[in-house]
Asker: 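This is the structure I have questions about; it appears just below.
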Amino acid sequence: MKISDSVANYILELLETDHGSAEIQRNELANILGCVPSQINYVITSRFTPEQGYIVESRRGGGGYIRITRITVDPKESIMHIVNSIGKTLDSATARAMLTNMLQSGILDKKEARLIHAATANRTYASVPQEMRDTLRATVFKEMLMIILDSK
């Protein structure tokens with residue numbers, strides 16, 4: 001397991017045990033996980049963003065901390081925000097990350113996420129010309145989310 005995955009999993013566990021909010025000290029967490037503090041920063045800025053359903057606050061100094069809070073939002077609003085945030089193209093890795101985030105936040109159930117993943121995976125587009133794949137993937141991803149939105 002990569003160190004960034006370990007950091008993210010540790011923070012997610014803290015969020016679960018603290019009912020959606022966790023306060024950490026970057027240096028202390030780096031010591032616990034055996035990494036450098038900049039890796040903590042990287043994970044927080046890349047995996048705990050508002051788009052992924054988190055608010056991050058920080059205070060610098062000797063008693064400084066980083067507070068991460070999971071945002072609870074209406075699934076319909078979240079789906080519309082995600083649909084609107086997808087541009088004309090969507091690569092496979094970004095689609096997979098978005099599905100993981102929607103599954104973790106409860107916006108999608110496991111079956112919905114698996115169906116969308118199957119419809120947007122690279123192997124699904126093997127016969128489609130390379131230059132058209134990401135455009136087609138974005139369209140399919142958005143259309144599937146809109147159908148799920150109608151059923152919620």
Asker: To the nearest 0.5 angstrom, please state how far the CG atom of N101 sits from the CD atom of Q104.
Answerer: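 Rounded to the nearest 0.5 Å, the CG-CD separation comes out at 6.0 Å.
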Asker: Start with the C-alpha gap between M98 and L90, add the side-chain angles, then the distance that decides, and say whether side chain to side chain contact (heavy atoms under 4.5 Å, CB included) holds.
Answerer: CA-CA 10 Å; M98 293 173 96; L90 181 66; 4.0 Å; yes
Asker: Has the side chain of T124 got a donor or acceptor atom that lies under 3.5 Å from a matching backbone atom of T120?
Answerer: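 No.
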Asker: Is there a side chain to side chain contact (heavy atoms under 4.5 Å, CB included) between I24 and I44? Walk through the geometry before answering.
Answerer: CA-CA 11 Å; I24 59 172; I44 290 170; 3.9 Å; yes
Asker: Tell me, which pairs form a side-chain hydrogen bond (donor to acceptor under 3.5 Å, both in side chains) where one or both residues lie in residues 133-143, sequence neighbours left out?
Answerer: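 For residues 133-143: N122-R137, Q130-R133, D134-R137.
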Asker: Is it true that R47 and D5 make a salt bridge, defined as a side-chain N closer than 4.0 Å to a carboxylate O?
Answerer: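 Looking at R47 and D5, the cut-off is met.
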Asker: Walk me through whether L115 and K111 qualify under side chain to side chain contact (heavy atoms under 4.5 Å, CB included).
Answerer: CA-CA 6 Å; L115 286 170; K111 184 177 180 180; 4.3 Å; yes
Asker: Taking atom CZ as the centre, does R114 end up with more than 12 heavy-atom neighbours from other residues, nucleotides or ligands that are less than 6.0 angstrom away?
Answerer: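 No, because the 6.0 Å sphere around CZ of R114 holds 12 heavy atoms or fewer from other groups.
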Asker: Rounded to the nearest 0.5 Å, how far apart are OG of S85 and CE of M80?
Answerer: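 Those atoms lie 10.5 Å apart.
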Asker: So which heavy atom on A113 is nearest to which on L108, and how close?
Answerer: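 Closest heavy-atom pair between A113 and L108: CA-CD1, 4.2 Å.
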Asker: In this structure, would M132 and Y125 fall into the same cluster of hydrophobic residues linked by side-chain contacts under 4.5 Å?
Answerer: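 Yes, one cluster joins them.
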Asker: Nearest 0.5 Å please: distance from the CD1 atom of I68 over to the CZ atom of R70.
Answerer: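 If I round to the nearest 0.5 Å, the distance is 10.5 Å.
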Asker: Any side-chain heavy-atom pair from I116 and I148 closer than 4.5 angstrom?
Answerer: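 When only atoms from C-beta onward are counted, I148 and I116 do touch, with a gap below 4.5 Å.
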Asker: For residues E23 and E57, determine if any side-chain heavy atom of one lies less than 4.5 Å from a side-chain heavy atom of the other.
Answerer: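 With C-beta onward as the side chain, the pair stays apart.
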Asker: I3 and V43: side chain to side chain contact (heavy atoms under 4.5 Å, CB included), yes or no, with the steps?
Answerer: CA-CA 9 Å; I3 191 68; V43 170; over 6 Å; no
Asker: L103, M146: one ILVMFWY side-chain cluster at the under-4.5 Å cut-off?
Answerer: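 No.
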Asker: How many angstroms lie between CD1 in I82 and CD1 in I107, if you round to the nearest 0.5 Å?
Answerer: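 Interatomic distance, I82 CD1 to I107 CD1, rounded to 0.5 Å: 4.5 Å.
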Asker: Which distance, rounded to the nearest 0.5 Å, do you find between the NZ of K76 and the CG of D150?
Answerer: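 These two atoms lie 8.0 Å from each other.
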Asker: Do L99 and I147 share a hydrophobic cluster (ILVMFWY, side-chain heavy atoms under 4.5 Å, transitive)?
Answerer: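 No; I147 is not reachable from L99 via cluster members.
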Asker: With heavy-atom distances below 4.5 Å as the criterion, would you say the side chains of L15 and F48 are in contact?
Answerer: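 Yes, close enough: below the 4.5 Å cut-off.
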Asker: Taking all non-hydrogen atoms of both residues into account, name the closest pair between S4 and Y42 and its distance.
Answerer: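 For S4 and Y42, the tightest heavy-atom pair comes out as CB-CE2, 4.4 Å.
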Asker: List the atom pairs, with distances to 0.1 Å, where a side-chain N or O of residues 26-40 and a protein N or O form a donor-acceptor pair under 3.5 Å, not counting sequence neighbours.
Answerer:
from, atom 1, to, atom 2, distance (Å)
N31, ND2, N27, O, 3.4
Q39, OE1, V36, N, 3.2

Asker: Would you kindly confirm whether V56 and I11 end up in one hydrophobic cluster when ILVMFWY residues are joined by side chain heavy atoms under 4.5 Å apart?
Answerer: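 V56 clusters together with I11.
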